Amino acid sequence: RARVGLSGGVELPMPDLARFRPSEPHRSRAGTVFTVGRHCRDDPLKHHPNDPAFFREVARAGHRVRLMGASVIASALQHGERGDGRERIEVIAAGSESAVDFLASLDCFVYRAHPYLYETGGMVIAEAMAMALPVVIIGEIMGFAEVVEHGVNGFCVATEGDALGTLARLAEDGMLRARIGLQARACVERLAAEQTKAIVAFYADRIDVSAAELLPPA
């Protein structure tokens, strides 16, 4: 909408909230390593050119990294010196786990767009938020970033250094992770409800029926 300068509504991508819901994943168990990750299509345009270097830094900081759909950058992820944490980076094939199971294995979801990809939405961000994961969005603007309030229901940071600092805070503070995650879930629930009403009202106005007739039974 901002790019084309036209009026009208915008439908944000919304996950199935019954499937993508807060779980009790491994992060609640004592002794586990703080796990950072993301999932996407296994396409070069879904990965920022500096993602290999960034995720190596995440691993070097002592965190575990899980990436689903990153075989196109797998070899680059293993560059560097032996003993620098590369053994904490796990690349798994796209679709080898359900998105729900994959997200349940994480403590934090990290996302940024390739500079050549105009990301109007970002469904994976909504899925992570629906599962009450703190989301860290780096740099480039994308559609779903508009609903992320920094430090309230997620984090929007300008640089990799800022992202690494945010990850360090989240790794050390379980209460912060829980608070951000709960606010993230509440945000997606609210947006989904508001958007459903707006869409129903939009079409009801054009086909001459009441919005109540279009809404599913309670």
Side-chain angles (χ1 to χ4, degrees), residues 2 12-13 27 32-40 44-70 73 76-77 79-81 84-86 88-91 102-103 105-188 191:
L12 289 167
R27 60 181 177 274
T32 57
V33 177
F34 181 72
T35 304
V36 178
R38 65 165 290 187
H39 67 99
C40 60
L45 282 179
K46 298 300 287 186
H47 299 275
H48 191 279
N50 208 48
D51 273 354
F54 170 71
F55 284 116
R56 288 198 303 270
E57 286 296 320
V58 174
R60 189 176 290 114
H63 312 312
R64 183 184 178 206
V65 176
R66 297 197 83 218
L67 303 171
M68 185 163 71
I73 62 170
L77 286 163
H79 289 172
E81 300 296 327
D84 63 358
R86 287 175 295 165
R88 287 189 288 273
I89 300 177
E90 180 186 6
V91 176
F102 176 78
L103 290 171
S105 75
L106 305 182
D107 296 301
C108 178
F109 187 86
V110 175
Y111 191 88
R112 67 173 164 179
H114 190 290
Y116 293 163
L117 177 67
Y118 191 75
E119 181 66 270
T120 57
M123 172 67 90
V124 292
I125 299 172
E127 291 172 349
M129 292 178 70
M131 291 191 65
L133 280 173
V135 169
V136 178
I137 298 175
I138 307 172
E140 291 77 12
I141 298 301
M142 61 208 71
F144 213 85
E146 293 181 0
V147 308
V148 175
E149 297 180 68
H150 182 75
V152 177
N153 60 11
F155 300 90
C156 291
V157 298
T159 68
E160 291 181 359
D162 293 337
L164 290 168
T166 300
L167 293 177
R169 286 179 56 206
L170 289 167
E172 294 171 0
D173 192 339
M175 292 184 66
L176 174 63
R177 295 198 302 272
R179 175 173 61 80
I180 296 294
L182 288 174
Q183 289 296 322
R185 171 71 186 191
C187 171
V188 175
L191 287 172

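Every heavy atom of this structure was used, including side-chain atoms; hydrogens, water molecules and symmetry mates were not. Just so you know, these numbers come straight off a predicted model, no measurement behind them.
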Taking the side chain as every heavy atom from C-beta outward, state whether Met129 and Gln183 have any atom pair closer than 4.5 Å.
no
Which word best sums up how the rings of Tyr116 and His114 line up, parallel for under 30°, tilted for 30 to 60°, or perpendicular for over 60°?
tilted
Residues forming a ring-ring contact (aromatic ring centres under 6.0 Å, His included) with Phe54, sequence neighbours excluded
none
Say whether, by atom type as modelled, one donor and one acceptor occur between the side chain of Arg56 and the main chain of Ile89 under 3.5 angstrom.
no
Atom OG1 in Thr35, atom CG in Leu106: separation rounded to 0.5 Å?
7.0 Å
Run the side chain to side chain donor-acceptor pair (under 3.5 Å) test against Arg185 and tell me which residues pass, sequence neighbours left out.
Glu189
Nearest non-hydrogen partners of Val135 and Ile125, listed with the distance:
CG1-CG2, 4.0 Å
Test side-chain contact (heavy atoms from CB on, under 4.5 Å) on Arg86 and Arg60 and set out the steps.
CA-CA 7 Å; Arg86 287 175 295 165; Arg60 189 176 290 114; over 6 Å; no
Between Lys46 and Cys40 the two heavy atoms that sit nearest each other are CB-SG, 3.9 Å
What are the two closest non-hydrogen atoms of Pro13 and Gly122, and how far apart are they?
CG-N, 4.1 Å
Pairs touching residues 151-161 that satisfy side chain to side chain donor-acceptor pair (under 3.5 Å), sequence neighbours left out:
Asn50-Glu160, Arg112-Glu160, Thr159-Asp162
Any ring pair (Phe, Tyr, Trp, His ring centres under 6.0 Å) pairs touching residues 149-172, not counting sequence neighbours?
His150-Phe155
Evaluate side-chain contact (heavy atoms from CB on, under 4.5 Å) for Asp51 paired with Arg38, printing each intermediate quantity in order.
CA-CA 11 Å; Asp51 273 354; Arg38 65 165 290 187; 4.0 Å; yes
How would you list, by chain and number, every residue that makes a side chain to side chain donor-acceptor pair (under 3.5 Å) with Glu90, sequence neighbours excluded?
Arg64, Arg66
Shortest non-hydrogen separation from Val188 to Ala130 and the atoms involved
CG2-N, 4.1 Å
Stepwise, does the side-chain contact (heavy atoms from CB on, under 4.5 Å) test hold for Val148 with Ile137?
CA-CA 9 Å; Val148 175; Ile137 298 175; 3.9 Å; yes
Taking C-beta and beyond as the side chain, do Leu167 and Cys108 meet within less than 4.5 Å on heavy atoms?
yes
Side chains of Leu77 and Val91 in contact at under 4.5 Å (non-hydrogen atoms)
yes
Within this structure, what is the SG-CD distance for the pair Cys187 and Glu149, rounded to the nearest 0.5 Å?
7.0 Å
Could you tell me whether the side chain of Val58 reaches within less than 4.5 Å of the side chain of Leu164, counting heavy atoms only?
yes
Minimum side-chain heavy-atom gap Val124-Phe109 below 4.5 Å:
yes
Contact between Val65 and Leu67 at the side-chain level, heavy atoms closer than 4.5 Å - yes or no?
yes
Using modelled atom types only, decide if a donor and an acceptor are shared between the side chain of His48 and the backbone of Ile138 within a distance under 3.5 Å.
no
Report yes if some heavy atom in the side chain of His47 is under 4.5 Å from a heavy atom in the side chain of Phe55; otherwise report no.
no
Please identify each residue that fulfils side chain to side chain donor-acceptor pair (under 3.5 Å) with His63, with sequence neighbours left out.
none
Report yes if some heavy atom in the side chain of Pro115 is under 4.5 Å from a heavy atom in the side chain of Pro49; otherwise report no.
yes
What's the shortest heavy-atom distance between Gly151 and Ile180, and which atoms?
O-CD1, 3.5 Å
